Asks: 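Here's a structure for you.
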Protein chains: 2
Amino acid sequence: MPEARVTSQDVARLAGVSQSAVSRVFTPGASASQATIDKVKRAATQLGYRPNPLARAMITGKSRIIGLVVAYLDNQFYPLALERLSNALQAKGYHILVFTTPNSGDGLDRIVGELMDYRVDGIITASVAMSNGMTQRCADAGIPVVLFNRGQDGDGQSSVTSANIDGGRKVASFLAAGGHRRIAHIAGWSGSSTGRDRARGFTQGLAAHDRLPLDVIDGMYTRDAASQATRSLMARADPPDAIFVGNDHMAFAVMDTLRGELGLRVPHDVSVVGYDDVPLAGWAAYDLTTLRQPVNRMVEATVDTLLDQIETPGSLPEKIEIQGPLILRGSARIPKDWTQ
Amino acid sequence: MPEARVTSQDVARLAGVSQSAVSRVFTPGASASQATIDKVKRAATQLGYRPNPLARAMITGKSRIIGLVVAYLDNQFYPLALERLSNALQAKGYHILVFTTPNSGDGLDRIVGELMDYRVDGIITASVAMSNGMTQRCADAGIPVVLFNRGQDGDGQSSVTSANIDGGRKVASFLAAGGHRRIAHIAGWSGSSTGRDRARGFTQGLAAHDRLPLDVIDGMYTRDAASQATRSLMARADPPDAIFVGNDHMAFAVMDTLRGELGLRVPHDVSVVGYDDVPLAGWAAYDLTTLRQPVNRMVEATVDTLLDQIETPGSLPEKIEIQGPLILRGSARIPKDWTQ
DNA sequence: TATTGGATTGCATACGTTTGCAAACAACGA
DNA sequence: TCGTTGTTTGCAAACGTATGCAATCCAATA
């Protein structure tokens, strides 16, 4: 015998007031006298009343739901971000509708449609780029979008990333200062701004030391491509003595391939540096030197700018970049007197 | 200039029919002539009309939203399950509202309240147990619940797990047959059915070989507790030569501690066996022998039984156990002639 | 005491859909 | 031609809330 849902009508009847009064008591910023507030609250707790967010959404047009689109759930970085985002948004009274999608554009299109159906108040895409068409659709519908860990040209779009170019530069300086002779880069997917920016920063950083990368290969953000790239690099006549890998997830594959398959030692034969600093990077099995993306601060910034755009009409999209430090561990030779 | 939302009224006007007709065309199983179907569909695509799921939910009481409650997102097993669940449910036209919670009971209580507010059609809890009170609340509200990777006594509750007792037995036989003399167990959290069942099966399995576990320590499903347990085990006068760990996530910590901190070799000095077979277990750095939980089949079973209870009124909760194989890798000595 | 103005309240409508009901209609055999 | 049956259709009432408007209240001022 399912218990009947209790509505604001029921509360109103019990409290001896009108339904509107009940509504006002539960609507922040509405006017009600202390006397009615008391009566209503008492009746409400007695009946176990809670406002129906769906009905509320119908009226106000605000669902208090945020759509989260995420692609790479096998990369530890994203579950972590998801968890933090979820907690931060829950604390602000929002909830998360998740969509998983391959990064290819066609599924995403359908998803954006469904998100708009549900009248989500905002959208966060983690490591997923939106086409201009989709951006436009969301803008037309008045739904703010924040790209998490992905940038996009043009300024209709909010995004939160780490300072990828700068990060690439830091890694380059670090490896150059470490006395490495032949430094290669297995890059993040060239279809992503993060991948491109890190690669660009890296090349710039080497150039500042009058050096060129030995090679740059697209690792597609997958283990397979990264392993393959590692093999082809090490098969060269002049194999690299250091590899900067576009993210930790690939860096683990690189290390697995170097050590397990090719029998090389890290960092004795080859130094490896990653990007992200996921928890696994700190585990003894990898002990990976890597450039940290500060998840917490990125999440904070994402939530702040998204809620700002939702709740403060007229606030503009912004592109936020967050600096991250290089975390020194055992997978790469550390230059003497390295203080930076 | 946000484009005005197009409603069934607009479509009706354009198609020259009543609003109800439009609704019937978009409601599966409602009656409408081919002529009106055509007219309405044409008008709908012309205007870009899509039914509003929130308004629909108000009437029908069905939101087509599933609440997913998840605790351990740093254990690779759960992001994977989340991804699969999300895909399977999306394919059936459902969507996932995620809630993250620590496993302690108080936050969960609030979450169940919010889930009921949103009139979710069903709830999946991943590795989170629900108190009897919460189970009852959901039952009263007519919301089916499926526990994923966690069991619960009493039969009001659906659950999908792997065959944990059996799995524990298999590992015991394997380690016993491998000629290990002192076999210890770092168990999953004793507050969880999975942890208890695996431990029980393991003890039973050893008993079948007339053996006793050297020791059983609760690893709490955390890396820290598992590392600590490893240290205390290896500090014994008679340290184990094999450790069965309650899940892969802890097993990695155990291996890190054994190899990195204690300078031991795996499996030469100590064999390690895990439980789950997350992708990381197959990576060269760990190469972990482990009992596989077949995520795909567990997800299928979860979705099937949940949707069954949602869509077929009167269908009963069921407890499903799925067998998994032992995956042989390099972290544990393999018995001669092992065929099982 | 009469007047004013602000705070509080109820009435009624709206949000966008589904669905019971009865009217309209089409098809068909008598 | 006329009932009869089964299918389509429109009307109107929900679902549970927020909110503009006008009415009411209350205290404070003149």
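Everything numeric in this text was worked out from a predicted model, so none of it was measured. Letters A, B, ... are given to chains in the order of the sequence lines, protein chains preceding strands, and every chain is numbered from 1.
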Asks: Can you check side-chain hydrogen bond (donor to acceptor under 3.5 Å, both in side chains) on B/S20 and B/S23, steps first, answer last?
Replies: CA-CA 5 Å; B/S20 348; B/S23 169; over 6 Å; no
Asks: Do the rings of A/H95 and B/F99 sit parallel, tilted or perpendicular, given the 30° and 60° boundaries?
Replies: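 A/H95 and B/F99: tilted rings.
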Asks: Is there a donor-acceptor pair under 3.5 Å between the side chain of A/T161 and the backbone N or O of A/N149?
Replies: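 Judged by distance alone, no pair lies under 3.5 Å.
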Asks: Any side-chain heavy-atom pair from B/F148 and B/V128 closer than 4.5 angstrom?
Replies: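 B/F148 vs B/V128: side chains apart.
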Asks: Do B/T135 and B/Q157 get their side chains close enough for a donor-acceptor pair, meaning under 3.5 Å?
Replies: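 Distance-only check passes for B/T135 and B/Q157.
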Asks: Any chance the side chains of A/N132 and A/Q136 put a donor and an acceptor closer than 3.5 Å?
Replies: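 Checked: A/N132/A/Q136 side chains show no N/O donor-acceptor pair below 3.5 Å.
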Asks: When you list every nucleotide of DNA chain C with an atom under 4.0 Å from a heavy atom of chain B, which one comes first 5' to 3', and which comes last?
Replies: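 So the contact region on DNA chain C extends C/dG16 to C/dG20.
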Asks: Please list, for nucleotides 17-19 of chain D, all pairs of protein and nucleotide N/O atoms separated by less than 3.5 Å.
Replies:
from   : atom 1 : to    : atom 2 : distance (Å)
D/dT17 : OP1    : A/Y49 : OH     : 2.9
D/dT17 : OP1    : A/N52 : N      : 3.0
D/dT17 : OP2    : A/S8  : N      : 2.5
D/dT17 : OP2    : A/S8  : OG     : 3.0
D/dA18 : OP1    : A/R56 : NE     : 2.4
D/dA18 : OP1    : A/R56 : NH2    : 2.9
D/dA18 : OP2    : A/S23 : OG     : 2.5
D/dA18 : N6     : A/Q19 : OE1    : 3.2

Asks: Starting from C1' on D/dG16, measure out to CG on B/D117 and report it in whole angstrom.
Replies: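 Going from B/D117 (CG) to D/dG16 (C1'), I get 13 Å.
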Asks: So how far is it from B/L97 CG to B/I66 CD1, rounded to the nearest 0.5 Å?
Replies: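 Those atoms lie 10.5 Å apart.
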Asks: Ignoring hydrogens and angles, state whether a donor on the side chain of A/Q90 or A/S86 is under 3.5 Å from an acceptor on the partner side chain.
Replies: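 Side chains of A/Q90 and A/S86: pair found under 3.5 Å.
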Asks: Using the rule side-chain hydrogen bond (donor to acceptor under 3.5 Å, both in side chains), only one of B/K319, B/Q309, B/Q152 pairs with B/S158; which is it?
Replies: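 Going through the options one by one, the only one that passes is B/Q309.
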Asks: Compute the angle between the rotation axes at the two ends of the helix from C/dT1-D/dA30 to C/dA30-D/dT1, each taken over five pairs, rounded to 10 degrees.
Replies: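 Computed from the C1' atoms at both ends, the axes differ by 50°.
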Asks: Can you label the angle between the A/Y221 ring and the A/Y72 ring as parallel, tilted or perpendicular, going by 30° and 60°?
Replies: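 Geometry flag for A/Y72 against A/Y221: perpendicular rings.
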